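By convention here, the first residue in the shown sequence is residue 1. Counting starts at 1 for both ligands and their atoms, in listed order. Predicted, not measured: the structure shown is a model, and the values here were computed from it.
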Amino acid sequence: MATNPNLPRLRHFVEQMAALLERHPQEPEILSHGAALLGELVAHDDWLPDAYAQPHPQYYQQFLLHADSLARFSVVSFVWGPGQATPIHDHTVWGLIGMLRGAERAQPYAKNGAGHWAPSGETVTLRPGQVEAVSPRIGDIHRVSNAFADQTSISIHVYGANIGAVQRHVYLEDGTVKNFVSGYTNPTLPNIWNLA
Ligand code: FE
């Protein structure tokens, strides 16, 4: 897909995100301006190196592409194998999801009257070039899946923290909440970004 990856695209995005956050904007501006920047990045599928586009037969993959030196944001390639899905989960910080390849479905969840986690609102299907946002302010709990049962899909995620080290939560349908820290898939990441 990207044998000679156009890395300047990713670099431009990282520079623009850092410049945006340098101005200390409120979250609505981060999400609206950041969504426009991420939309530009995922408008072209020619920059993601193949090493960060590999699915695993069993697990969805989360490859760290960039961690901001002040942990103001991180950029991850989220690689779905056919039919793979997340549990119901939250993020605890703002997040932007831009579809690069294939498609994914996101279903928001909320607690119902019986205290169980249940689908709430419409399923959103993201297609290449499209971007959606999450945050504790606008809705942070969802379940996401590859829209395809027979092909890999890839989305690019940007979060307002070093997301691999953030303490967050998985929600079971019976109402149970479990703590989790996602980490990163990268096989060679002998660096500080594995730590909180
Ligand atoms: Fe998510």
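Any protein N/O/S atom under 2.8 Å from the Fe ion (ligand 1) was counted, giving 3 altogether.
Grouped with F180 in one hydrophobic cluster are V170, L172, the linkage being side-chain heavy-atom contacts under 4.5 Å among Ile, Leu, Val, Met, Phe, Trp and Tyr residues.
Under a cut-off of 6.0 angstrom, the local environment of OH in Y52 is sparse, with at most 12 non-hydrogen atoms contributed by other residues, nucleotides or ligands.
Counting only residues at least two apart or in different chains, side chain to side chain donor-acceptor pair (under 3.5 Å) contacts with residues 121-136 comprise E27-S135, Q107-T123.
In the model, H89 has no side-chain atom that pairs as donor or acceptor with a side-chain atom of H169 under 3.5 Å.
The ring-ring contact (aromatic ring centres under 6.0 Å, His included) check on W117 picks up Y171, with sequence neighbours excluded.
Closest non-hydrogen pair, H142 versus A106, comes out as ND1-CB, 4.2 Å.
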